[in-house]
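A short worksheet on the structure shown next.
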Amino acid sequence: MESMKNYIEDAEAALLHTYNRFQVVLDKGEGVYLYDMEGKKYLDFCAGIAVFALGYGNKIYNDALKEQIDKVIHTSNYYYNIPAIEAAKKLKKISGMDRVFFTNSGAESIEGAIKAARKYAYLKDGRTDHEIIAMEHSFHGRTMGALSVTGNKKYREAFEPMIGNIRFATLNDFQSVLDQVTDKTCAILFETVQGEGGIYPATEEFMKQVKALCEERDILMILDEIQCGMGRCGEYYAWQRYGIKPDIMTSAKALGCGVPVGAFMMTEKVAAHSLTSGDHGTTYGGNPLAGAAINAVLDLFEENHIIEHVNQIGDYLANRLDELVDKYDFITERRGVKLMQGLVFDRPVGDIIGKALEKGLILINAGPNIIRFVPPLVIEEEHVDKMIEILTSCLQ
């Protein structure tokens, strides 16, 4: 059998070089741990970048997928399928939204949300020069539309021109939003908690101000819940903490817990006056396997009281991270909500993350000086304590 070193060499010879990967070949997972092909055990505080919410090797989830594979994996959207119908009903229930469109990824969900907003505005006045306000430091995906509303020039500049008529404001600065509003504005789009941009939660005041503005001017409020949604912030969707409701929202990552699925959802008002037959489509989105994954995830969330657990363990994680802020002068701040947290350092964190990996702890960053903590939602206090122990040893 090939060694881990040989597999890495094969990968470097065969795969396009778009990732700076750690020199590890992961082979299997169990609970909140991953194992490389040489058997080394890693405590996972990344969860595949906020994807594997239920941990690895969940038998109920695995069996649901196996059962669906034995029935049918894919048909097409020319036909109905029961798993997608059941998944849509469950998503409507937990989100309070009215219509669902299934996609393959978060970026594709953002694309659909942008199209829906522009079609909504087009049907009002027949114009095609409508503008979308997005936020600085945001991240919405790698496709051309998603890149266009991503508020970080380093991701966009090599691929310009982007789609046009995008303006950028500052999260939690309502005046900066007002400064960008024109009679062409059709939507205001942002992450309820910015992830890649540095773990910045939107404030309640900002959320309510933007919502009031949107209602006053018939502008659509679009919330990106791809990373911060699906229970990570203590509600099914982070915006539910604020008592407001978006016109369109996006979801992905933990929605499928490893199967590539996403969705964008909207109110009946938007659905009745935006995308219609022929306006949008997808080959794989909402196929039977995707639907089975979503159904299993949502059932397990309810049966295992995942939201309640996140609220409890999220506070414990925040308190343990605060201890590190108090202990080390070079850690300047903790930011985040429940099980979406970040530690801000006064220096780059790459070496710390590398040392942690050597000691069996998987962490990721959110910018050069922030360690991001997005573990499986099923972690317990003992896992938090073990993570703190390893991380502390890397900070000496």
Contacts of Glu303 that satisfy side chain to side chain contact (heavy atoms under 4.5 Å, CB included) - sequence neighbours left out: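 With neighbours one apart ignored, the set is Asp299, Leu300.
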Hey, could you give me each pair passing salt bridge (charged side-chain N to carboxylate O under 4.0 Å, His left out) that has a residue in [range]? Not counting sequence neighbours.
range: residues 188-207; result: Glu196-Arg372, Glu204-Lys208
range: residues 260-277; result: Arg99-Glu268, Asp218-Lys269
range: residues 375-386; result: Arg320-Asp385, Lys386-Glu389

Okay, side chain of [X], backbone of [Y]: is any donor-acceptor separation there less than 3.5 Å?
X: Thr332; Y: Val344; answer: yes
X: Arg334; Y: Asp322; answer: no
X: Ser148; Y: Ile163; answer: yes
X: Asp36; Y: Glu38; answer: yes
X: His17; Y: Glu12; answer: yes
X: Asn172; Y: Thr203; answer: yes
X: His309; Y: Ile379; answer: yes
X: Glu225; Y: Trp239; answer: yes
X: Lys41; Y: Tyr33; answer: no
X: Asn369; Y: Phe345; answer: yes

All pairs passing side chain to side chain donor-acceptor pair (under 3.5 Å) where residues 354-368 contributes a residue, at least two apart: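 Sorted pair list: Lys359-Ser393.
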Pair Glu86 + Lys90: basic N to acidic O under 4.0 Å: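 No, no charged N to carboxylate O under 4.0 Å.
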Pair Glu333 + Arg335, salt bridge at N-O below 4.0 Å: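 Arg335 and Glu333: salt-bridged.
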Salt bridge (charged side-chain N to carboxylate O under 4.0 Å, His left out) with [X]: which residues, sequence neighbours excluded?
X: Glu30; answer: none
X: Glu235; answer: none
X: Asp63; answer: Lys59

Counterpart residues, ring-ring contact (aromatic ring centres under 6.0 Å, His included), relative to Tyr120 (two or more places apart):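 Counting only residues at least two positions away or on another chain, Tyr120 forms no ring-ring contact (aromatic ring centres under 6.0 Å, His included).
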Under 4.5 Å side-chain linkage, directly or through intermediates, the cluster mates of Tyr80: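 Hydrophobic cluster check, Tyr80: joined to Ile85.
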ILVMFWY cluster membership beyond Leu123 - transitive side-chain contacts under 4.5 angstrom: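 Joined to Leu123, directly or through intermediates: Tyr122.
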His280 NE2: over 12 foreign heavy atoms closer than 6.0 Å: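 Yes, enclosed.
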Within-4.5 Å side-chain heavy-atom neighbours: Val177 and Gln209: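 No; the side chains remain at least 4.5 Å from each other.
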Ser95/Tyr237 under side chain to side chain donor-acceptor pair (under 3.5 Å): CA gap, chis, key distance, verdict: CA-CA 7 Å; Ser95 69; Tyr237 291 105; over 6 Å; no
Same apolar cluster (I L V M F W Y, side chains within < 4.5 Å links), Phe101/Met97: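 In one cluster with Phe101: Met97, no.
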Between side-chain atoms of residues 20-28 and protein atoms elsewhere (two or more places apart, or another chain), which donor-acceptor pairs fall under 3.5 Å?
| from | atom 1 | to | atom 2 | distance (Å) |
| --- | --- | --- | --- | --- |
| Gln23 | NE2 | Arg21 | O | 3.3 |

